[in-house]
Participant: 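Below: one structure in structure tokens.
For ligands, and for the atoms within them, numbers begin at 1 and follow the listed sequence.
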Amino acid sequence: MKVEKCDIYAGERLLIRQGSFVVDSNRLNLLIGNNGVGKTVILDKISNLDRNRPAEFIGFPDAKDIIYQTQGASFIDEVTVLTTLKLFGEMAGVDLVNHLNLPEIISKNMEARFGNLSGGERRFIIIWASLQVPRKLYLFDEPFANLDPYHVSQLMKLFYSELATGKTILLTTHQFEELIPDRTHITHIAHQKVDFDGTMTDFMMHHGDDLQNVLKEIAS
Ligand SMILES: Nc1ncnc2c1ncn2[C@@H]1O[C@H](COP(=O)(O)OP(=O)(O)OP(=O)(O)O)[C@@H](O)[C@H]1O
């Protein structure tokens, strides 16, 4: 899956000039850059929900083969976590309620109404359940937002372990802890262009290993 020399627009506004990048099926793909550079716009176009995926976006699956979790973690507020898992389980074709590795943050909240959970709990459950549904491509917009360090770590481990099952995952994030450089692909956007596209190992070789500071400098 790749984008080749695409001018990427939000409405009439040009966000990225002649952008090229790949989505690497063997690595965790991170789309990074400061607020407003166009990360969500790119996920929207890849998802093709509005039927507006440009021709320069090549090899991406049909919308029906993609799971796209947008920034809010919304679901049906009135139903319990148990029912939420049953509904996702039906989509996944598996019994998620009795899943062997059900994370504690889910199992301890089974009887709670989805709408009464904390923002972090809602986000974690939706992302975990989404990953159990077999699709070709998973898009997550800021999955770590509102999560405490323990659950960031849990989710990060989950993403890397799901890669091993052949899933392709692309996420936007401002969170750089616990990444595994050799197993991570970075697409960095700054100044209306794709500033870097390659493995995190290469990124660190070119720029240094303090990602947060390097990105601050590049963007300024
Ligand atoms: N339909 C649209 N028409 C015009 N401008 C838009 C449209 N959709 C998004 N934008 C603008 O495009 C820019 C990029 O938005 P986007 O949500 O992709 O940023 P982002 O990189 O995901 O930022 P963040 O890290 O804050 O989530 C923003 O300035 C936004 O206001």
Participant: Check step by step if salt bridge (Lys or Arg N to Asp or Glu O under 4.0 Å) holds for Lys2 and Glu4.
Facilitator: CA-CA 6 Å; Lys2 62 181 177 181; Glu4 264 185 13; 2.8 Å; yes
Participant: Which heavy atom of the protein is the closest neighbour of atom 17 (O) of ligand 1, given with residue, atom name and distance?
Facilitator: Thr40 CB, 3.4 Å
Participant: I'd like the name of whichever of Ile8, Val41, Ile189 reaches closest to atom 18 (O) of ligand 1 through any heavy atom.
Facilitator: Val41
Participant: With no hydrogens and no angle check, just 3.5 Å: does a side-chain donor-acceptor pair link Glu111 and Thr80?
Facilitator: no
Participant: Does any donor atom in the side chain of Asp141 or Thr70 lie under 3.5 Å from an acceptor atom in the other side chain?
Facilitator: no
Participant: Nearest to atom 29 (O) of ligand 1, what protein heavy atom do you find, and at what distance?
Facilitator: Arg13 NH1, 3.0 Å
Participant: Given Gly11, Ala10, Ala145, Gly36, identify the one with the heavy atom nearest to atom 20 (P) of ligand 1.
Facilitator: Gly36
Participant: Would you mind telling me if ligand 1 is within reach of the side chain of Lys39, the backbone, both or neither, using heavy atoms under 4.0 Å?
Facilitator: both
Participant: Ignoring hydrogens and geometry beyond distance, is a side-chain donor-acceptor pair present between Ser130 and Tyr68 at under 3.5 Å?
Facilitator: no
Participant: In terms of side-chain heavy atoms, does His185 have a donor or acceptor partner in Asn26 at a distance below 3.5 Å?
Facilitator: no
Participant: Taking atom types as modelled, is there a side-chain donor on Ser161 or Lys157 under 3.5 Å from an acceptor on the other?
Facilitator: no
Participant: Using a plain distance cutoff, I'd like to know if Val37 has any nitrogen or oxygen under 3.5 Å from a nitrogen or oxygen of ligand 1.
Facilitator: yes
Participant: Considering the heavy atoms of Asn35, write down every atom of ligand 1 situated less than 4.0 Å from one of them.
Facilitator: 23 (O), 24 (P), 25 (O), 26 (O)
Participant: One residue to check: Leu15. Relative to ligand 1, which of side chain, backbone, both or neither has a non-hydrogen atom less than 4.0 Å away?
Facilitator: side chain
Participant: Using heavy atoms and a 4.0 Å limit, tell me yes or no: is Glu12 in contact with ligand 1?
Facilitator: no
Participant: Should one rank Gln71, Lys45, His174 by closest heavy-atom distance to atom 27 (O) of ligand 1, which comes out on top?
Facilitator: Gln71
Participant: Please identify which of these residues, Leu14, Leu15, Val41, meets the side chain to side chain contact (heavy atoms under 4.5 Å, CB included) condition with Tyr9.
Facilitator: Leu14
